Amino acid sequence: MTLRQAQNKRLCVGLTGGIGSGKSTVAELFAKQGAGIVDTDAIAHCLTQAGGEAIPAIHAAFGGSYLMDDGALDRAKMRALIFSDSAAKQRLEGILHPLIREQAKAAMQQLSAKPYLILVVPLLPESQAFQQMVQRILVVDCGENTQVERVIRRSRMTEAEVRAIIARQTPRAERLQLADDVIRNTTTLESLNEQVAILHERYSKLSNNN
């Protein structure tokens with residue numbers, strides 16, 4: 001039994017994957033099956049919006065120039081900084097990650113009626129603290145070119161910018177090695193739904209056995 005399995009008796013599945021892999025779509029499909037969803041990206045967005053809990057600490061650490069006129073985090077400017085400055089990245093994570101974990105745990109408590117939980121954590125492979133909150137790791141996987149196409153379609157990023165993000169994330173092979181379960185998001189939404197339905201049955205049974 002691993003450390004992450006030992007520390008959490010209730011079934012909580014950590015969902016992760018590279019940028020553009022389809023994590024949000026997969027989480028939505030699990031929600032339709034009845035799973036409880038806790039999305040750390042959504043929590044981070046709330047923490048860094050105008051009046052968010054993380055804003056005072058971000059202002060103190062980075063100065064007002066990294067905030068928008070309304071007081072929210074300037075995400076584009078901060079992304080550029082942490083891509084070029086690893087110390088700044090660590091400083092930002094030191095502010096955000098404890099707050100995200102605290103709010104994620106609170107949200108998980110509120111979903112006690114759900115058959116099992118899906119905790120969406122893009123940085124799960126890099127974070128032992130988040131890994132210890134889950135019992136299984138589910139990776140949403142697709143090829144790099146597919147990732148690039150999807151991100152360009154939904155955002156204003158260039159191909160070079162997207163590939164730079166992918167290069168800084170945990171390599172695909174390492175993510176897959178960490179996985180207990182894998183969803184291949186390479187073809188149709190119908191295929192994705194079928195894979196989610198199969199895993200829903202598995203997770204429901206595992207949760208009942210806990």
Side-chain angles (χ1 to χ4, degrees), residues 1-47 89 92-94 96-142 147 150 165-166 168-186 192-210:
M1 179 177 285
T2 65
L3 182 61
R4 57 186 165 87
Q5 288 172 322
Q7 289 194 356
N8 190 345
K9 292 183 179 179
R10 187 181 179 205
L11 182 64
C12 179
V13 179
L15 189 158
T16 193
I19 186 172
S21 60
K23 296 180 294 296
S24 297
T25 301
V26 169
E28 288 171 9
L29 293 175
F30 273 108
K32 288 179 181 177
Q33 293 282 357
I37 309 296
V38 178
D39 188 335
T40 60
D41 262 357
I43 292 172
H45 194 275
C46 289
L47 289 170
K89 181 175 183 284
L92 182 65
E93 289 176 349
L96 288 178
H97 285 192
L99 293 172
I100 293 170
R101 287 196 299 272
E102 179 184 328
Q103 293 203 8
K105 288 176 182 177
M108 289 162 67
Q109 291 293 328
Q110 293 173 3
L111 295 169
S112 58
K114 297 292 184 178
Y116 61 90
L117 300 175
I118 299 287
L119 179 64
V120 186
V121 189
L123 297 177
L124 188 63
E126 303 163 38
S127 173
Q128 285 291 327
F130 278 113
Q131 287 180 34
Q132 289 170 20
M133 292 172 63
V134 305
Q135 290 170 287
R136 294 183 73 81
I137 292 177
L138 168 60
V139 171
V140 184
D141 181 60
C142 66
Q147 290 178 264
R150 287 175 180 159
I165 291 173
I166 292 171
R168 292 180 69 90
Q169 292 185 330
T170 299
R172 181 185 184 188
E174 289 185 23
R175 270 198 305 271
L176 291 171
Q177 193 170 20
L178 191 66
D180 297 295
D181 305 297
V182 178
I183 283 181
R184 308 286 180 185
N185 185 13
T186 56
L192 206 59
N193 210 7
E194 288 171 357
Q195 293 177 78
V196 168
I198 291 168
L199 286 174
H200 169 70
E201 292 299 320
R202 182 182 303 169
Y203 295 158
S204 296
K205 288 177 183 176
L206 286 171
S207 192
N208 287 336
N209 290 335
N210 276 358

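Note that the coordinates shown come from a computational prediction; the quantities given were computed from them, not determined experimentally. The first residue in the sequence is number 1, and the count goes up from there. Atom set for the values below is all heavy atoms of this structure, side chains included, hydrogens, waters and symmetry mates excluded.
- Here Ala173 pairs with nothing under the side chain to side chain contact (heavy atoms under 4.5 Å, CB included) rule; sequence neighbours left out.
- Scanning for side chain to side chain contact (heavy atoms under 4.5 Å, CB included) contacts around Thr16 gives Leu124, Pro125, Ile137, Val139, with sequence neighbours left out.
- Distance check, rounded to the nearest 0.5 Å: SG of Cys12 to CG of Leu111 gives 10.0 Å.
- Side chains of Tyr203 and Leu11 form a contact here, defined as non-hydrogen atoms less than 4.5 Å apart.
- Screening residues 25-34 for side-chain hydrogen bond (donor to acceptor under 3.5 Å, both in side chains), with sequence neighbours left out, gives no hits.
- Residue pairs meeting the side-chain hydrogen bond (donor to acceptor under 3.5 Å, both in side chains) criterion with at least one member in residues 100-111, sequence neighbours excluded, are Glu53-Gln103.
- Note that the OG atom of Ser207 and the NZ atom of Lys114 stand 12.5 Å from one another [nearest 0.5 Å].
- For the pair Arg150 and Ser21, the tightest heavy-atom approach, listed with the atom from each and the gap, is NH1-O, 3.2 Å.
- Between the CD1 atom of Ile118 and the CG atom of Leu138 there is a distance of 6.5 Å, given to the nearest 0.5 Å.
- Residues passing the salt bridge (charged side-chain N to carboxylate O under 4.0 Å, His left out) test with Asp41: none are found, sequence neighbours excluded.
- In this structure, the side chain to side chain contact (heavy atoms under 4.5 Å, CB included) partners of Ala104, at least two apart in sequence or on a different chain, are Val38, Ile43, Leu119, Met133.
- Distance check: Gln169 CD to Gln147 CD gives 7.0 Å after rounding to the nearest 0.5 Å.
- Val13 places none of its side-chain heavy atoms less than 4.5 Å from the side chain of Phe30.
- Scored by the side chain to side chain contact (heavy atoms under 4.5 Å, CB included) test, Glu194 finds Glu190 as partners (sequence neighbours excluded).
- In plain terms, the two heavy atoms of Ile37 and Ala31 that are nearest each other are CG1-CB, 3.7 Å.
- With sequence neighbours left out, the salt bridge (charged side-chain N to carboxylate O under 4.0 Å, His left out) criterion links Arg172 to Asp141.
- With sequence neighbours left out, Arg168 forms a salt bridge (charged side-chain N to carboxylate O under 4.0 Å, His left out) with no residue at all.
- The CG atom of Asn185 sits 4.5 Å away from atom CG of Leu192, with the distance rounded to the nearest 0.5 Å.
- One finds the CG atom of Leu99 at 5.5 Å from the CG atom of Leu47 (value rounded to the nearest 0.5 Å).
- Considering only heavy atoms from C-beta on, Leu206 stays 4.5 Å or farther from Gln135 through its side chain.
- Residue Gln177 places its CD atom among 12 or fewer non-hydrogen atoms of other residues, nucleotides or ligands, all under 6.0 Å distant.
- For the pair Cys142 and Gly20, the tightest heavy-atom approach, listed with the atom from each and the gap, is SG-O, 4.1 Å.
- Here the shortest heavy-atom pairing between Thr40 and Val120 reads OG1-O, 2.7 Å.
- Residues Gly34 and Pro115 share a closest heavy-atom pair of O-CD, 3.2 Å.
- Of all the heavy atoms in Pro122 and Lys23, the pair that sits closest is CG-CE, 3.9 Å.
- Take Ser127 and apply the side chain to side chain donor-acceptor pair (under 3.5 Å) test, not counting sequence neighbours, and it matches no residue.
- Using the six-membered ring where Trp is involved, His200 and Tyr116 have ring planes that are tilted, between 30° and 60° apart.
- Side chain of Arg136 to backbone of Asp181: no donor-acceptor contact under 3.5 angstrom is found.
- When the salt bridge (charged side-chain N to carboxylate O under 4.0 Å, His left out) test is applied to Glu93, the partners found at least two apart in sequence or on another chain are Lys89.
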